[in-house]
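Note sheet for the following structure.
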2 protein chains.
Amino acid sequence: MITIKDIAKEANVSEGTVDRVIHSRSGVSKKTEAKVRKILERHSFKVNPVASALAMKKKHQISVLIPEYNDSDLFWKSPYLGVLKAAEDVKNFGVYVSVFRFNQSDPVSYLNAFEDLLETKPTEVIMVPNFSDETKQIIKELEVLNIPYLFLNIDIKGFNNIAYVGQDSYTAGYVAGKLMHLNNPESSEFLIIQTLQNITKNNSISDRIEGFKDYFFKNEIKSNPRGLKLENLNDTLENQEVINSFLKNHPEIKGVFVPSSRIYMVVNCLEEHHLKNLQLIGFDNTPQNTECLINDSVAFLISQKPFDQGYKSVRLLADFLIQNKTPEYKTYLPIDILMKENVKYNGRDEFVSENNNAVEVF
Amino acid sequence: MITIKDIAKEANVSEGTVDRVIHSRSGVSKKTEAKVRKILERHSFKVNPVASALAMKKKHQISVLIPEYNDSDLFWKSPYLGVLKAAEDVKNFGVYVSVFRFNQSDPVSYLNAFEDLLETKPTEVIMVPNFSDETKQIIKELEVLNIPYLFLNIDIKGFNNIAYVGQDSYTAGYVAGKLMHLNNPESSEFLIIQTLQNITKNNSISDRIEGFKDYFFKNEIKSNPRGLKLENLNDTLENQEVINSFLKNHPEIKGVFVPSSRIYMVVNCLEEHHLKNLQLIGFDNTPQNTECLINDSVAFLISQKPFDQGYKSVRLLADFLIQNKTPEYKTYLPIDILMKENVKYNGRDEFVSENNNAVEVF
DNA sequence: ATTATATTTGTGTACGTACACGAAAATACA
DNA sequence: TGTATTTTCGTGTACGTACACAAATATAAT
């Protein structure tokens with residue numbers, strides 16, 4: 001292993017000078033810089049990241065803004081655990097991570113969490129751009145402060161985010177369409193259930209729906225997907241009533257597509273005979289959804305690898321900070337097709353203790 | 001961040017003593033050990049792996065024994081790249097990796113490669129136990145030398161390997177069965193093509209076949225899978241003749257299952273009209289196989305995440321060596337279902353330069 | 001009690017890099 | 001030519017841990 005000392009010796013300069021060249025610091029004459037750079041090149045010298053990390057004075061602060069999770073919607077737990085795990089991995093490299101959470105249906109909490117986040121004086125920000133208008137406001141602040149930001153899970157256009165980490169929602173929906181069709185080659189009458197919330201705020205949901213419909217369109221399969229827009233997707237009497245009666249009035253429907261992570265709620269709402277006869281396809285391997293796969297009430301889930309989303313986001317930025325690796329602009333994660341038989345090998349979030357002391361959580 | 005120095009100060013002992021306690025080295029009185037250990041406990045002290053790696057005198061050598069790859073069978077390139085990448089990640093932690101390759105159809109090259117491998121004086125070995133008898137011989141040597149070994153990709157029973165990293169082949173085959181059935185709910189006449197080679201040597205192939213058949217059996221779908229055993233799976237006139245005439249004689253066959261990574265060879269052999277009418281399912285996202293997905297000649301591929309297999313094996317051992325984390329005995333990787341629409345987001349091996357200087361390759 | 005031996009503890013250096021500080025050399029200005 | 005200023009460079013210390021070696025203390029043997 002070749003070291004700075006070796007390079008210095010070969011160039012007849014001091015280690016300090018080599019260090020200056022490596023980091024393009026000022027105070028080196030053009031002549032010696034050229035000399036040193038050539039030798040570095042010849043040996044294809046790479047700094048030892050371990051030693052570098054130990055010596056590094058400059059610390060980095062990555063602050064993360066993501067939705068909170070609760071028992072009825074566990075989706076955001078996985079990205080959170082992914083962030084935690086990555087934080088553990090990078091903390092000894094001088095990169096510290098703080099997580100701030102907001103209520104997914106409350107724009108004010110989004111802004112408040114962001115204000116709190118700013119107090120950590122982040123060098124970089126990872127965020128889930130959940131509300132369109134408020135995001136504009138936040139981004140404006142970040143750009144004034146010259147803080148690079150990365151979008152996680154939701155891919156909004158029109159901003160200068162240094163990367164997007166998440167799924168290609170359109171294609172994921174397209175895949176869902178194909179799976180739906182596979183099981184029902186003869187029929188193309190489906191129901192798509194979404195919430196009003198989703199419609200206004202989360203464009204990954206609408207991208208999925210667009211992809212789903214496009215599958216039939218592009219493959220020239222005539223289909224007539226119905227849409228049902230509910231206030232929320234909780235297991236309420238009202239929802240049960242609405243869904244079941246809709247299905248009763250439309251017996252031609254053979255499948256239900258739920259482009260959110262709440263298909264288990266639909267399962268809870270459905271009457272037994274519907275569960276038997278319908279093919280259900282949803283998103284995300286939350287524990288409740290996975291349970292539905294196992295007990296045969298749901299045919300397929302598409303996972304967007306939420307743990308990996310959190311993990312990758314942090315690692316991407318950390319590698320950028322530590323090793324100056326510019327990240328890919330789009331980091332699309334796989335579109336995982338889960339069914340009863342293969343779900344057990346998928347997406348178990350690697351174990352991380354929740355009171356991980358590498359992360360501040362707010 | 002709490003350091004050894006802090007602990008030492010609090011316990012009124014020297015840093016050396018704390019170090020001895022942390023590493024359970026000898027030469028500490030029971031009294032002081034208890035005192036120090038309690039303080040370590042209270043602060044839940046963890047050594048800084050970065051500083052530790054830098055200071056560590058003891059180096060580790062992981063040597064890897066895997067099949068070689070060539071243009072017509074690229075499968076083993078991915079695990080190899082995974083090993084390379086992991087090697088790069090751990091080399092600064094004092095873990096060095098060497099790779100030795102053998103000809104997958106030549107037991108002698110297997111033994112020879114192992115003899116070469118031994119000369120690196122490995123502290124741990126990662127191996128693909130490709131030949132049953134020769135493996136026994138190899139393992140015996142390893143156990144005499146007291147070198148822990150890990151099985152990669154092929155899960156042979158009856159040895160004391162510290163872990164297996166790979167897929168659950170039986171379940172993967174089961175999933176393949178389900179996918180086959182999905183597309184052909186009315187018919188259950190299939191053809192399974194394997195090579196004689198596979199039959200004797202590689203039991204993951206037979207596990208896949210068993211799983212495939214069991215899907216129909218356990219779900220009480222009557223099926224009559226035919227088997228075709230070829231000398232090899234190359235695109236020879238002979239194979240074309242055999243396969244096509246078999247299919248002509250069995251027009252009831254609706255699908256072909258190839259439980260190896262060579263389904264693209266079958267595609268090459270098949271006459272055009274068969275390609276149109278048959279549903280093909282195979283394993284592994286090699287470039288050639290992926291191409292078959294994209295041009296619609298193959299319906300599904302099941303990926304065993306070969307890159308990850310290589311990567312994880314090395315990381316598992318390295319974490320064991322560096323941080324003393326005992327690995328899970330079985331590390332099953334996901335059963336990835338790939339089709340035309342989602343293949344592009346799957347399993348692209350992360351870029352690694354092949355002349356990676358973190359690894360010696362033989 | 002004295003010396004010898006074993007046990008326990010402390011000290012110092014090394015790992016490879018980052019960076020502050022000061023010394024030396026080069027240039028500017030008088 | 002001499003001094004002031006800027007530019008260029010070298011030296012030294014720190015990061016947190018590992019481990020060799022030396023020092024100090026405790027135990028055994030005489």
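For clarity, every value in this text was computed on a predicted model and none was experimentally measured. So that the names make sense, note that chain A is the first sequence line, chain B the second, and so on, each numbered from 1.
Across the interface with DNA chain C, nearest-nucleotide mapping of A:Arg20 and B:Val28 shows B:Val28 to be the residue nearer the 5′ end.
Between A:Asn12 atom CG and D:dG10 atom P the separation is 9 Å, expressed in whole Å. Taking atom CD of B:Glu33 as the reference point, atom C1' of C:dT7 lies 14 Å away to the nearest angstrom. Atom pair A:Ile322:CD1 and D:dC15:C1' shows a separation of 15 Å (rounding to whole Å applied). Following rounding to the nearest Å, B:Asp6 (CG) and D:dC15 (C1') show an atom-to-atom distance of 13 Å.
Other residues, nucleotides and ligands place no more than 12 heavy atoms under 6.0 Å from the NZ atom of B:Lys38.
For the residue pair B:Glu68 and B:Tyr80, no side-chain donor N or O sits within less than 3.5 Å of a side-chain acceptor on the partner. A side-chain N or O of B:Thr120 and one of B:Ser63 form a donor-acceptor pair less than 3.5 Å apart.
In this model, the phosphate group of C:dG10 is approached by a side-chain N or O of B:Thr17 to a distance below 4.0 Å at OP1 or OP2. One finds a side-chain N or O of B:Ser29 lying less than 4.0 angstrom from the OP1 or OP2 phosphate oxygen of C:dT9.
Partners of B:Arg315 by side chain to side chain contact (heavy atoms under 4.5 Å, CB included), not counting sequence neighbours, listed by chain and number: B:Ala86, B:Asp89, B:Val90, B:Tyr311, B:Asp319.
For A:Ser52 (side chain) and A:Asn48 (main-chain N/O), no donor-acceptor pair under 3.5 Å exists by modelled atom type.
Residues in residues 320-334 of chain B take part in these salt bridge (charged side-chain N to carboxylate O under 4.0 Å, His left out) pairs, two or more places apart or across chains: B:Asp155-B:Lys330.
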Between the protein and nucleotides 16-18 of chain C, list every N/O to N/O distance that falls short of 3.5 Å.
| residue | atom | partner | partner atom | Å |
| --- | --- | --- | --- | --- |
| C:dG16 | N2 | A:Ala51 | O | 3.4 |
| C:dT17 | OP1 | A:Asn48 | N | 3.4 |
| C:dT17 | OP2 | A:Ile4 | N | 2.7 |
| C:dA18 | OP1 | A:His23 | NE2 | 2.8 |
| C:dA18 | OP1 | A:Ser52 | OG | 3.0 |
| C:dA18 | OP2 | A:Asp19 | OD1 | 2.9 |
| C:dA18 | OP2 | A:His23 | NE2 | 3.3 |

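Among the protein residues, B:Thr32 comes within range of the sugar-phosphate backbone only, with heavy atoms under 4.0 Å from sugar or phosphate atoms but none that close to a base.
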